[in-house]
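In what follows, chains are A, B, ... by sequence order, proteins preceding strands, each numbered from 1. This structure is a prediction, so every number in the text was calculated from the model and none was measured. When reading the values below, keep in mind they use all heavy atoms of this one structure, side chains included, and skip hydrogens, waters and symmetry mates.
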There are 2 protein chains.
Amino acid sequence: MKNVTDPEKKRQRAPSKRALETRARILDAAELLFAERGFDGASIRDIATTAGAPVGLVHHHGEGKEELFRQVVARRADELSSLRLAALEICKAAGKPDIAAIMRCFVGPYLERAESGGPQWFAYARLVAHVSADPRWRRISSRHFDATAAVFIDEIARLHPDASRERIATGFVYSVAAMLALLTSRWRIGELSGGEPPVSISGELEELVAFCAAGIAAAISK
Amino acid sequence: MKNVTDPEKKRQRAPSKRALETRARILDAAELLFAERGFDGASIRDIATTAGAPVGLVHHHGEGKEELFRQVVARRADELSSLRLAALEICKAAGKPDIAAIMRCFVGPYLERAESGGPQWFAYARLVAHVSADPRWRRISSRHFDATAAVFIDEIARLHPDASRERIATGFVYSVAAMLALLTSRWRIGELSGGEPPVSISGELEELVAFCAAGIAAAISK
DNA sequence: GTCTATATGTAGATAGAC
DNA sequence: GTCTATCTACATATAGAC
């Protein structure tokens, strides 16, 4: 399924190194600005300026604003899914995981990336928050996030065969919301606790995992 | 402090009944469209059309798009704060509340309104989700939500004097995120559990309260 | 792939009649 | 307060030279 002649695909030649860099710069700029101001608040012109590229080039690589938006969401979603599923496999190989261990495989990879991967990963969390808030992006959300989410829900369901799947899914969605809140609303936690927000993100991992695991356990036995 | 001559205030006469109705229709339309498409995705013209009012009137009542947005957020925020604080007072009068009881006073009033108050309250939840996702609205968020949030965090802190305030605030912010997820992402819960989303919102109250209370308790003792 | 110039629509805001 | 007409700016998208 790779590199065979495909009449559907338009691009025939491999892109040059410079082209790939330009494309990456455009996606980074789009990620930053879509995250900061949402789909309609970020203009192609602003994205072009931030990327240091002319406007026409942004259209060329993005194939229109909506498609550019989807590409930006998809890029890290795919990377995250791989990391999460790999973590879950390792965890399962070491023995039957409990809810906390399962959720640690889901949130851990993101928190590690956010800690070490630079500010683009924080921008991405805000972008996902925008996607979650806006009903126009439901299709994007389903397409790029649901398959992996279903695997994790299955894993919890296997651990608690008597619990209704709807309650497990509910607890899981609550947990994802909490994870995004950690990544996007540390300023608010800081304001409400009267001090500065927590310095280290990965230092918050166990607290978040404990919150999610206890919450899910309580919700499914209610 | 009421009805005295105030040189700061511009409006001198009480608005007519018709004017108040028009204003309410404009705020409702703005709420719906801001919730659906975010600040930049909703245009003043769309809001005017939905409200059945001319564009100039939207500007007149809203005093500019940003101020209109803030007014829409503020309207229900103030109403919700009153309901929540009243619920907490009643709860405290009946004896020392635990974490679940405290959180029930916070999320209960919203879920009841969403159940009985019509679709505008669901739109408002999406609007708040947009406000939370977008760093441009931090001031609005602080101004209209933080005071009440601080009261509830204080109440939990009184119950657990040894827990750090930062952890309590973190658990509270996670809980608010979960509440918004219930109001804005039932479609996703439905998709992930392979069936329809839950019919009744208030039927989900105890499950959500259990999730939040167990999560907070686990997070502060971690 | 890269970049410039341009076409076409629509945005927020305001002036002024009623 | 209500409504119409209009100003100015900027949006997305594309055509075509290099």
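- For C:dG12, the base has a donor-acceptor partner in the side chain of B:R45 [N/O atoms by modelled type, under 3.5 angstrom].
- One interatomic measurement links the two molecules: CZ of B:F34 to C1' of C:dG12, which rounds to 11 Å at whole-angstrom precision.
- Between A:E66 atom CD and D:dA11 atom C1' the separation is 14 Å, expressed in whole Å.
- The phosphate of C:dT2 (OP1 or OP2) has a side-chain N or O of A:H61 nearer than 4.0 angstrom.
- Classification of A:R136 and A:D40 as a salt-bridged pair holds, one side-chain N sitting under 4.0 Å from a carboxylate O.
- Within 6.0 Å of CD in A:E196 there are 12 or fewer heavy atoms belonging to other residues, nucleotides or ligands.
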Base-pairing string, 5' to 3', of DNA chain D - Watson-Crick or wobble, under 3.5 Å, | interstrand: ||||||||||||||||||
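- The residue B:A42 sits close only to the backbone: its heavy atoms come under 4.0 Å of sugar-phosphate atoms, none of a base.
- The 12-atom threshold is exceeded at CD of A:E79, counting heavy atoms of other residues, nucleotides or ligands nearer than 6.0 Å.
- Across the protein-nucleic acid pair, B:E63 atom CD and C:dG12 atom P stand 17 Å apart, rounded to whole Å.
- Taking only side-chain atoms of A:K65, from C-beta outward, the nucleotide of D:dG1, C:dT14, D:dA13 with the closest atom is D:dA13.
- If B:V55 and B:R18 are placed on DNA chain D by their nearest nucleotide, the residue sitting closer to the 5' end is B:R18.
- Atom NE2 of B:H59 is separated from atom C1' of C:dA13 by 5 Å (rounded to the nearest Å).
- Both A:D40 and B:A19 lie near DNA chain D, and the one whose nearest nucleotide falls closer to the 5' end is B:A19.
- Whole-Å rounding puts the A:E67 CD to D:dA13 P distance at 11 Å.
- When the nucleotides C:dT4, C:dG1, C:dG12 are ranked by their closest atom to the side chain of A:H60, C:dG1 comes out on top.
- For A:T22 and C:dT2, the shortest distance from a side-chain N or O to OP1 or OP2 is below 4.0 Å.
- Taking the side chain as every heavy atom from C-beta outward, A:H130 and A:W137 never approach each other to under 4.5 Å.
- Side-chain rings of A:Y174 and A:F211 stay apart, their centers remaining 6.0 Å or farther from each other.
- Taking atom CG of residue A:L57 and atom C1' of nucleotide C:dA5, one finds them 16 Å apart after rounding to whole Å.
- Side-chain atoms of B:R70 and B:H144 form a donor-acceptor pair, as typed in the model, at a separation below 3.5 Å.
- Ring orientation note: the planes of A:F69 and A:F39 are nearly perpendicular, at an angle over 60° on the 30°/60° scale.
- A straight line from CZ of A:F39 to C1' of D:dA11 spans 11 Å, rounded to a whole angstrom.
- Across the protein-nucleic acid pair, B:I47 atom CD1 and C:dA11 atom P stand 11 Å apart, rounded to whole Å.
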